[in-house]
Participant: 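I am attaching a structure below and will ask some questions about it afterwards.
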Amino acid sequence: MKNFLIIAVWILFMAAFAATLFLRRRFTVVLMENHSQAYARLGAPPPQLFPFSSAENLAAIKAQNRYMRSEEYRELNDAELDRLAKHLRSLFAAQMILGVFFIGFAGVEIAGN
């Protein structure tokens, strides 16, 4: 039963991670296409699914994360950005909770062996 829970939590975590990548890409594309000034202020985060290839990209992604957390995007009055950011924040919270459960279940499993 414990193995099933570990696997189930891991699958949910990976599904949330994949959804986060796709939603982050969509958020970036909408920002890039419809709000070029805001996009440029963030350091032009790359719209790829795996944009972690350089220090500049990481800095832009970090700026984008701060932008979403501080809800500055609301100043743009873009309903799609609002919806995407809401879903991204929810997925981030789900990933944190699932990560804690995964570590807890895996830790119990390791300690039991």
Participant: At what distance, to the nearest 0.5 angstrom, does CD of Gln95 lie from CG of Leu12?
Facilitator: 11.5 Å
Participant: Establish whether Ile97 and Val9 are linked, either directly or via other cluster members, by ILVMFWY side-chain heavy-atom contacts under 4.5 Å.
Facilitator: yes
Participant: Which heavy atom in Arg25 sits nearest to a heavy atom in Pro47, and how many Å separate them?
Facilitator: CG-O, 2.8 Å
Participant: If you measure from NE2 on His35 to CG on Asn77, what distance do you get to the nearest 0.5 Å?
Facilitator: 9.0 Å
Participant: Measuring only between side-chain heavy atoms, which start at C-beta, is Leu31 closer than 4.5 Å to Tyr67?
Facilitator: yes
Participant: Are the side chains of Glu71 and Asp82 in contact, using a 4.5 Å heavy-atom criterion?
Facilitator: no
Participant: Any side-chain heavy atom of Leu84 within less than 4.5 Å of one from Tyr73?
Facilitator: no
Participant: Examine Leu76 and Val30 and state if one hydrophobic cluster contains both, with Ile, Leu, Val, Met, Phe, Trp and Tyr joined whenever side-chain heavy atoms are less than 4.5 Å apart.
Facilitator: yes
Participant: Drop me the distance from Leu91's CG to Arg89's CZ, to the nearest 0.5 angstrom.
Facilitator: 11.5 Å
Participant: Quick one: side-chain contact (heavy atoms from CB on, under 4.5 Å) partners of Leu88, sequence neighbours excluded?
Facilitator: Thr20, Leu23, Arg24, Phe27, Met68
Participant: Taking all atoms of both residues into account, what is the closest heavy-atom pair of Ala60 and Gly43, and its distance?
Facilitator: CB-O, 3.6 Å
Participant: Quick one: pull up OH in Tyr39 and CD in Glu33 and give me the separation to the nearest 0.5 Å.
Facilitator: 10.0 Å
Participant: Identify, with sequence neighbours excluded, every residue that meets side-chain contact (heavy atoms from CB on, under 4.5 Å) alongside Ile7.
Facilitator: Ile11
Participant: Applying side-chain hydrogen bond (donor to acceptor under 3.5 Å, both in side chains), name anything that partners Arg66, two or more places apart in sequence or on another chain.
Facilitator: none
